[in-house]
2 protein chains.
Amino acid sequence: MTDSNPSNTRDAEYLAKLQDYYADWKSIPSYASLCDVFGIASKSWVKAILDRLEKAGFVERTPDGMWIPTSSFFARHVADASVPAGMPVMVGSSHGDYHVIDDMLIDTPSKTTLIPVKGDSMIGAGIHDGDLAVVEKRNLANVGDIVVAIVDGDFTLKTLGKEGGKFVLRPENPDYPVIHPQGTLEIFGILVGLVRKYK
Amino acid sequence: MTDSNPSNTRDAEYLAKLQDYYADWKSIPSYASLCDVFGIASKSWVKAILDRLEKAGFVERTPDGMWIPTSSFFARHVADASVPAGMPVMVGSSHGDYHVIDDMLIDTPSKTTLIPVKGDSMIGAGIHDGDLAVVEKRNLANVGDIVVAIVDGDFTLKTLGKEGGKFVLRPENPDYPVIHPQGTLEIFGILVGLVRKYK
DNA sequence: CATCGTAAAGAACGGGCGTTCTGTTGTCAA
DNA sequence: TTGACAACAGAACGCCCGTTCTTTACGATG
């Protein structure tokens with residue numbers, strides 16, 4: 001992150017075009033096609049650009065010589081809120097950092113699942129119908145955690161509470177009742193992240 | 001799953017090998033390299049396999065003829081039984097694209113920025129302090145969109161409204177006043193996603 | 001036993017791809 | 001005014017890549 005910015009002035013915008021292309025096609029095309037993508041006419045210059053992007057750590061090559069993106073290729077800039085409007089398309093600017101959302105939210109991929117939220121029983125916690133819950137599977141949770149429990153063979157997202165020595169599932173919406181599970185409470189996992197997509 | 005499985009008996013294991021390779025290299029190599037990957041010696045048979053995988057919907061081709069994976073290429077095989085209805089999506093694991101969330105939220109990487117939310121002025125829309133706003137940069141928005149505007153050199157997240165022919169910035173919290181911008185309203189971008197991390 | 005379909009092997013070919021080298025601008029500094 | 005450098009353009013080349021065609025092995029079927 002410190003020094004991974006391209007040396008040449010326009011490389012940032014070439015990188016941006018490449019990132020947009022990759023978002024569409026999930027591959028880096030031939031030099032000839034990259035000429036169109038970059039808006040230039042010379043294959044040799046395309047190679048020069050990619051060589052610099054490689055040195056900057058945004059792309060690398062397979063043993064076959066194929067170009068592939070690195071993890072920093074996918075990183076998004078997190079704006080420093082105090083930064084005024086300016087901030088054009090600059091890569092590797094001095095402050096603010098870069099993050100891949102998946103990496104942020106998911107620690108252990110093998111134990112993490114995505115579950116769509118239905119209903120508004122947790123609206124008090126800012127969890128809306130249609131949101132995507134990022135859930136880490138485990139069967140132990142603390143009071144106060146938002147957990148995914150299995151009730152009547154269905155997933156339900158509630159805050160884990162305790163009443164009179166027994167665990168309860170508390171919705172974050174006064175219109176819904178607190179669930180007092182009979183017998184053992186089966187916990188599927190705990191909420192570690194939330195994702196919402198607009199429009 | 002009914003129809004999208006490969007017709008030939010061994011295609012499933014070829015697909016598995018291809019998925020493993022893709023997990024390592026994030027690209028589909030040349031036919032020659034695929035011979036090694038598949039453990040066969042004939043390029044023409046590699047092409048036959050890929051043609052069938054294409055017909056089955058696991059791979060497709062760019063306009064340049066490059067092979068690229070489709071979304072069902074990454075689809076997880078659902079662990080049978082014991083999983084109640086709802087069917088969560090497993091992310092990560094042995095072979096998978098780990099950029100599911102990023103892909104979901106970000107259409108145009110070069111125009112997308114992450115901005116941390118501060119304050120609770122949008123709490124009515126389920127946007128809390130500390131959340132991460134996924135913002136697509138553009139200066140046009142529709143009434144009703146949640147936009148990032150620049151007010152006094154600082155980012156502010158509000159719903160775009162209109163009052164008496166003039167645009168206003170409406171917080172989703174009765175404790176905050178509606179902002180009536182003097183002069184022109186400078187819009188930085190519109191909210192396309194929201195990310196929250198717990199703990 | 002003959003036939004068929006599947007699963008490959010292998011050769012042959014034409015074009016496109018990556019590489020390298022050289023040429024052409026425009027800009028800035030001295 | 002000269003020269004240096006960045007930012008490309010363009011051509012030339014050899015090899016590798018994708019495609020197609022032909023051939024082989026083998027199990028099932030009848």
Side-chain angles (χ1 to χ4, degrees), chain A residues 3-22 24-56 58-70 73 88-92, chain B residues 3-22 24-56 58-70 73 110:
Chain A
D3 190 36
S4 65
N5 55 336
S7 50
N8 283 60
T9 52
R10 303 228 179 121
D11 284 355
E13 77 183 59
Y14 291 136
L15 174 61
K17 285 175 177 173
L18 187 58
Q19 286 167 329
D20 288 348
Y21 182 95
Y22 193 93
D24 282 345
W25 297 107
K26 270 139 194 52
S27 73
I28 296 175
S30 69
Y31 286 3
S33 305
L34 281 174
C35 285
D36 292 343
V37 174
F38 288 161
I40 58 181
S42 131
K43 286 193 297 179
S44 58
W45 190 240
V46 168
K47 177 179 159 54
I49 292 168
L50 282 174
D51 282 341
R52 289 198 302 271
L53 289 181
E54 182 184 23
K55 204 169 282 177
F58 290 103
V59 294
E60 56 185 353
R61 315 187 78 154
T62 67
D64 317 322
M66 231 176 178
W67 289 107
I68 55 171
T70 65
F73 183 90
V89 216
M90 46 186 182
V91 182
Chain B
D3 188 37
S4 65
N5 53 342
S7 50
N8 285 62
T9 52
R10 304 223 180 125
D11 284 356
E13 81 184 53
Y14 290 137
L15 175 61
K17 285 176 177 171
L18 187 58
Q19 285 168 330
D20 288 347
Y21 182 95
Y22 193 93
D24 281 347
W25 297 108
K26 272 141 198 50
S27 72
I28 297 175
S30 69
Y31 286 1
S33 305
L34 281 175
C35 286
D36 293 342
V37 174
F38 288 160
I40 59 181
S42 133
K43 286 192 298 177
S44 58
W45 191 238
V46 168
K47 177 180 161 52
I49 292 168
L50 281 175
D51 282 340
R52 289 197 303 270
L53 289 181
E54 183 184 23
K55 205 169 282 179
F58 290 104
V59 294
E60 56 185 350
R61 315 187 76 154
T62 67
D64 318 322
M66 229 174 180
W67 290 107
I68 55 171
T70 66
F73 183 89
S110 65

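Letters A, B, ... are given to chains in the order of the sequence lines, protein chains preceding strands, and every chain is numbered from 1.
Between the CG atom of A:Asp64 and the P atom of C:dG18 there is a distance of 13 Å, rounded to whole Å. With rounding to whole Å, B:Trp45 atom CH2 is found 14 Å from D:dT23 atom C1'. Summarising the geometry, the separation between CD1 on A:Ile28 and P on C:dC17 is reported as 16 Å, rounded to the nearest angstrom. The CG-P distance, from B:Leu50 to D:dG18, rounds to 10 Å in whole Å. Atom NZ in A:Lys47 sits about 13 Å away from atom C1' in C:dC21, given to the nearest Å. Rounded to whole angstrom, the span from the CG atom of A:Asp51 across to the P atom of C:dG18 amounts to 12 Å. At whole-Å resolution of the value, OH in A:Tyr31 and P in C:dG15 are 23 Å apart.
Contact annotation: the side chain of B:Leu50 approaches that of B:Leu18 to within less than 4.5 Å [non-hydrogen atoms, C-beta and beyond]. Annotation: side chain of B:Leu34 is in contact with side chain of B:Ile28 (closest heavy-atom distance under 4.5 Å).
Contact check of residues 34-44 of chain B against DNA chain D (heavy atom, cut-off under 4.0 Å) returns B:Lys43, B:Ser44.
B:Gln19 and B:Phe73 get closest at one heavy-atom pair: NE2-O, 2.8 Å. Residues A:Lys26 and B:Ile68 come closest through the heavy atom pair O-CG2, 4.3 Å.
Taking only side-chain nitrogens and oxygens, A:Tyr14 comes nearer than 4.0 Å to OP1 or OP2 of D:dC8. Contact annotation: A:Arg10 side-chain N/O to D:dC8 OP1/OP2 distance is under 4.0 Å.
In this structure, the separation between CE on A:Met66 and CZ on A:Arg61 is 11.0 Å, given to the nearest 0.5 Å. Between the NZ atom in A:Lys17 and the CG atom in A:Asp36 there is a gap of 11.0 Å [rounded to 0.5 Å].
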